[in-house]
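In what follows, every chain begins at residue 1, and chains take the letters A, B, ... in the order their sequences are listed.
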Number of protein chains: 2
Amino acid sequence: MRKTRNRITKKRLLEEFKRAIKNKGLKFTPQRESIFKEIISTRGHFEIEDMVHKIRKKNIPVSRATVYRTLNIMKELGFVEEVIKINNKTIYEISVKEHHDHLICTSCGKIIEFHSEDIEEIQDKICSEHKFHPKFHRLEIFGLCDKCYKRSVRNNSKS
Amino acid sequence: MRKTRNRITKKRLLEEFKRAIKNKGLKFTPQRESIFKEIISTRGHFEIEDMVHKIRKKNIPVSRATVYRTLNIMKELGFVEEVIKINNKTIYEISVKEHHDHLICTSCGKIIEFHSEDIEEIQDKICSEHKFHPKFHRLEIFGLCDKCYKRSVRNNSKS
DNA sequence: CTTTGTGCAAAGATTTTGCATTGCG
DNA sequence: CGCAATGCAAAATCTTTGCACAAAG
């Protein structure tokens with residue numbers, strides 16, 4: 001939904017990234033550009049190996065080392081927020097995109113994104129109660145999507 | 001607060017773990033017992049190396065391999081919920097303990113735990129809207145604790 | 001041109017695994 | 001005793017780093 005708006009945002013993000021890189025006296029290389037684009041389009045959910053291969057397919061030579069180094073720069077510059085690993089799968093969060101949270105199916109890995117203004121408000125309240133200064137958050141609800149849930153109910157009744 | 005109640009819970013948890021292990025035809029060894037205890041007492045926030053050393057200090061021989069293997073068993077049995085890594089730091093969540101969420105200071109690593117019934121309720125609503133069947137969730141708010149926040153304000157005004 | 005970036009391969013770090021031995025039940 | 005668990009060391013992963021060469025500005 002709202003594809004157009006999304007594309008504009010991506011373009012703008014890339015520009016911001018370019019500016020930030022240069023401001024720091026660093027260089028804007030094809031590698032950094034394509035890595036950044038990949039991260040945006042995968043919304044931060046990707047695996048290093050895949051990213052390397054995808055970028056190489058676009059005829060931009062890139063090494064794992066460069067991906068790691070670029071990710072670190074992006075972290076420093078604040079373009080990606082945090083790195084977590086869930087079962088060897090690296091997940092980065094893009095800071096500038098509209099915030100959303102995740103429903104994650106532990107069976108098939110499906111990720112459903114959602115956003116709740118109510119939750120955001122409560123969080124702000126909690127933070128101020130604890131004198132905590134939030135930068136970003138991550139809310140993940142793990143469970144079964146409807147499909148997997150139904151399958152598991154079927155299987156359990158057998159055992 | 002409520003230390004006593006806490007200790008009872010730990011003991012009960014250990015009993016449950018023992019039962020579950022045996023039910024599966026597995027063996028309840030000193031290693032597994034001490035690993036389980038460690039996880040409970042650190043509330044899932046620990047590093048593998050530290051755990052190995054702590055347990056060895058109690059004169060129970062243990063290897064990293066055993067810790068990893070035990071963690072996998074505990075995951076299968078549902079005693080720990082998920083494994084995430086934040087900057088090379090492994091965090092496990094104990095499923096049975098009272099649920100709580102985290103405020104995590106990205107500067108000093110301090111973790112403040114909190115619980116909000118309001119958030120739980122909203123989550124349930126969201127899940128049912130998406131036909132999602134939650135098993136557990138994780139809410140982490142990253143930011144700066146008051147101390148680090150004040151320090152960063154001071155430093156920024158210099159640059 | 002100068003300085004930073006890149007790839008490669010080696011080094012580190014973390015986690016898993018095969019195998020001989022130990023020990024719970 | 002028998003089967004599972006353990007420790008060790010080797011292997012498999014994942015990530016970082018040193019260095020020589022390439023390329024952005």
Side-chain angles (χ1 to χ4, degrees), chain A residues 14-15 17-39 45-77 80 82-92, chain B residues 14-15 17-36 38-39 45-77 79-80 82-92:
Chain A
L14 185 60
E15 282 311 309
F17 180 57
K18 191 170 176 177
R19 203 185 320 137
I21 283 263
K22 299 204 167 182
N23 273 348
K24 260 224 158 186
L26 303 179
K27 288 164 185 176
F28 189 68
T29 65
Q31 285 83 355
R32 288 178 179 172
E33 175 172 358
S34 51
I35 291 168
F36 190 78
K37 282 183 183 168
E38 267 305 300
I39 291 177
H45 308 170
F46 63 89
E47 280 160 81
I48 304 290
E49 279 301 312
D50 290 351
M51 161 145 325
V52 169
H53 292 139
K54 272 195 194 172
I55 293 177
R56 284 184 180 161
K57 271 186 195 152
K58 292 176 186 168
N59 282 321
I60 293 163
V62 76
S63 64
R64 258 176 315 229
T66 297
V67 173
Y68 283 116
R69 286 190 275 233
T70 303
L71 284 169
N72 283 333
I73 291 174
M74 289 174 55
K75 273 199 275 179
E76 278 174 37
L77 294 178
V80 295
E82 253 294 303
V83 189
I84 66 172
K85 284 189 79 177
I86 302 182
N87 301 329
N88 301 326
K89 199 170 200 166
T90 307
I91 294 190
Y92 291 78
Chain B
L14 185 60
E15 282 310 310
F17 180 56
K18 193 170 175 178
R19 202 185 321 137
I21 283 263
K22 298 204 167 182
N23 274 347
K24 259 222 158 187
L26 303 178
K27 286 163 186 175
F28 189 69
T29 65
Q31 284 84 355
R32 288 179 179 171
E33 174 171 359
S34 51
I35 292 168
F36 189 78
E38 267 306 300
I39 292 177
H45 310 168
F46 63 90
E47 279 161 81
I48 303 291
E49 279 301 313
D50 290 352
M51 161 143 327
V52 169
H53 292 140
K54 272 195 194 173
I55 293 177
R56 284 184 180 162
K57 271 185 197 151
K58 293 178 187 166
N59 283 322
I60 293 164
V62 76
S63 63
R64 258 175 315 226
T66 297
V67 173
Y68 283 116
R69 286 190 274 233
T70 303
L71 283 168
N72 284 333
I73 291 174
M74 289 174 55
K75 273 200 276 178
E76 278 174 36
L77 294 179
F79 283 88
V80 296
E82 254 294 303
V83 189
I84 67 173
K85 285 190 78 175
I86 302 181
N87 301 330
N88 300 327
K89 199 171 200 164
T90 306
I91 294 189
Y92 291 78

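- Rounded to whole angstrom, the span from the CZ atom of B:F46 across to the C1' atom of C:dT14 amounts to 13 Å.
- An OP1 or OP2 oxygen of C:dT6 is reached within less than 4.0 angstrom by a side-chain nitrogen or oxygen of A:T29.
- By the side chain to side chain donor-acceptor pair (under 3.5 Å) test, B:T70 pairs with no residue at all, sequence neighbours left out.
- Contacts of B:K27 classified as salt bridge (charged side-chain N to carboxylate O under 4.0 Å, His left out), with partners at least two apart in sequence or in another chain: none.
- Regarding A:D50, its CG atom lies at a distance of 14 Å from the C1' atom of D:dC14, rounded to whole Å.
- Considering every non-hydrogen atom in both B:R32 and B:L26, the closest pair reads NH1-CB, 3.9 Å.
- One can place CZ of B:R32 at 15 Å from P of C:dG23, the figure rounded to the nearest angstrom.
- Every residue meeting the salt bridge (charged side-chain N to carboxylate O under 4.0 Å, His left out) condition with B:E33, not counting sequence neighbours, appears here in chain and number order: B:K37.
- Partner B:K75 forms a side chain to side chain contact (heavy atoms under 4.5 Å, CB included) with one of B:I73, B:L77, B:N72 and no other, that one being B:N72.
- For the pair B:I73 CD1 and D:dT6 C1', the interatomic distance rounds to 11 Å; values are reported in whole Å.
- Under the rule for a salt bridge (charged side-chain N to carboxylate O under 4.0 Å, His left out), A:K18 has no partner lying at least two apart in sequence or in another chain.
- Annotation: the span from A:F36 atom CZ to A:L14 atom CG amounts to 6.0 Å, rounded to 0.5 Å.
- Put simply, CE on B:M51 is 12 Å from P on C:dT15, counting in whole angstrom units.
- A:R64 pairs by the side chain to side chain donor-acceptor pair (under 3.5 Å) definition with A:E49, not counting sequence neighbours.
- Applying the salt bridge (charged side-chain N to carboxylate O under 4.0 Å, His left out) test to B:K58 and every residue at least two apart in sequence or in another chain returns B:E38.
- Residues of residues 18-26 of chain B that place a heavy atom closer than 4.0 Å to DNA chain C, in numerical order, are B:K22.
- Partners of B:T66 according to the side chain to side chain donor-acceptor pair (under 3.5 Å) rule, which considers only residues two or more places apart in sequence or in another chain, are B:S63.
- Whole-Å rounding puts the B:F28 CZ to D:dT6 C1' distance at 16 Å.
- For DNA chain D, the neighbouring residues in residues 60-70 of chain B, judged by any heavy atom under 4.0 Å, are B:P61, B:V62, B:S63, B:A65, B:T66, B:R69.
- For the pair A:N72 and A:K27, nearest-nucleotide mapping onto DNA chain D gives the more 5' position to A:N72.
- For B:I48 and C:dT15, the CD1 to C1' distance is 9 Å, given to the nearest whole Å.
- Rounded to an integer number of Å, the gap from A:Q31 CD to D:dA22 P is 14 Å.
- Nearest heavy atom pair, residue B:L71 against residue B:F46, reads CD2-CZ, 4.1 Å.
- Comparing the start and finish of the helix from C:dC1-D:dG25 to C:dG25-D:dC1, five pairs each, the helix axis swings through 40°, to the nearest 10 degrees.
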